Amino acid sequence: MSSYPDLTIATTLHNNLDRWMEMARSFEHEAGLPAEIIAVDDASVPPAAIAGLQSPLRLIRNDTARGFGAASDQALREVKTPFALLLDADITFLPGDFRAAFDSFKSLPQLAWSNFRQITAAGTPGGSCEDAIPPAWIYALGNQVTGCWLDRQRRTLHPRLLNDRIESVPIAHSSSVLVRMIALREIDGFDLRYWQCQSDNDLCQRLTQTGWLVGVDRRYTVRHDGIGGRTGGLSRVHDLYRGKLLFYEIHDPNSRLYLRLLLSLRHLLEAVLLLFLRGKHNDHLSPAFRLRLALSALRGYPRHDSP
């Protein structure tokens, strides 16, 4: 079995121990043994009890949930090796040459953060990165406008290959990402103002602003069951809007002049439109929830407004 004395797995879990165990066992079976697994149990009920792994394990318990961003940052700050592998609990490692993927990452000294190609639980291609970041005003106009803008951008983009397998991208998501710890420490890790959504986008933006590279390995594939944020319900939808607003207001200060108002108007229009549509709506498409978002947008979608 392969071993990786210079690599630590950093990971979090919250009421998903069975799925977390599948992830950890799949890494040991398909890739090998890391120097250590550091797992932050972010207030699971009951507390997580982990046994049966071959890898050295350090389990850290939070009695109060801190959220994905803070818990991931907590795990990464405990890493002693030069490299880390930050993993979501719903990742499954598939047959493939992880050694080659890891060596390829290490061979690029300016590469700080790199995800892998992903597929969904159904075996369809999934998104592990973002090729372009839309302007704040485009985002405020809604998913259809944003989608059209991204499609136009992708038609003009050319792959920016760093070597024979890794492509440079603006954003690589944190679901299954190799991390060069010296780079992460340079920017002081995750911004703890984010609960979950957009925390990785913000981190990638700060890495590239300080001269580091972000990438995605197109030749190594993992399965991501929760790709696209299909869990969490209304609270996740609220956190997505909160994270997006925070991201733009930090990285595009001019957006502070208009973005909250535009988003509030957008939610109001959605609520009015949904009132006239017959049939049963999903919770996140209910007029009442959209009206609630309209009011919350003006306040910056504070955490205490979350359903």
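This one's a predicted model, so the numbers in the text were calculated from it and none came from an experiment.
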Please tabulate, for the side chains in residues 137-147, all donor-acceptor contacts under 3.5 angstrom to protein atoms that are two or more places apart in sequence or on a different chain.
residue : atom : partner : partner atom : Å
Thr146  : OG1  : Ile138  : O            : 3.3
Thr146  : OG1  : Gly142  : O            : 2.9

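- Sorted by first and then second residue, the pairs that involve residues 15-70 and meet ring pair (Phe, Tyr, Trp, His ring centres under 6.0 Å), not counting sequence neighbours, are Phe27-Phe93, Phe27-Phe98.
- Residues meeting the salt bridge (charged side-chain N to carboxylate O under 4.0 Å, His left out) test with Arg117, sequence neighbours left out: none.
- Under a 4.5 Å side-chain heavy-atom criterion applied to ILVMFWY residues, the cluster that includes Val45 comprises that residue alone.
- Side-chain contact of Gln118 with Ser176: a donor-acceptor pair under 3.5 Å is present, judged by distance alone.
- In this structure, Asp151 does not pair ionically with Arg155, as no charged nitrogen and carboxylate oxygen lie closer than 4.0 Å.
- When the side-chain hydrogen bond (donor to acceptor under 3.5 Å, both in side chains) test is applied to Glu270, the partners found at least two apart in sequence or on another chain are Arg266, His267, Arg290.
- With sequence neighbours left out, Pro56 forms a side-chain contact (heavy atoms from CB on, under 4.5 Å) with no residue at all.
- Applying the side-chain hydrogen bond (donor to acceptor under 3.5 Å, both in side chains) rule to Asp305 yields the partners Ser296, Arg299; only residues at least two apart in sequence or on another chain are considered.
- Put simply, the side chain of Arg223 never gets that close to the backbone of Ala122: no donor and acceptor are under 3.5 Å apart.
- Side chain of Glu28 to backbone of Ser55: a donor-acceptor contact under 3.5 angstrom is found.
- Residues that satisfy the side-chain contact (heavy atoms from CB on, under 4.5 Å) test with Arg219, not counting sequence neighbours, are Asp164, Arg165, Asp217.
- Within the structure, ring pair (Phe, Tyr, Trp, His ring centres under 6.0 Å) contacts touching residues 154-201 (residues at least two apart or in different chains) do not occur.
- Checked against side-chain contact (heavy atoms from CB on, under 4.5 Å), Arg25 has the following partners two or more places apart in sequence or in another chain: Met21, Leu53.
- For Arg292, there are no side-chain hydrogen bond (donor to acceptor under 3.5 Å, both in side chains) partners at least two apart in sequence or on another chain.
- Annotation: side-chain contact (heavy atoms from CB on, under 4.5 Å) contacts of Ser3 (sequence neighbours excluded): Pro5.
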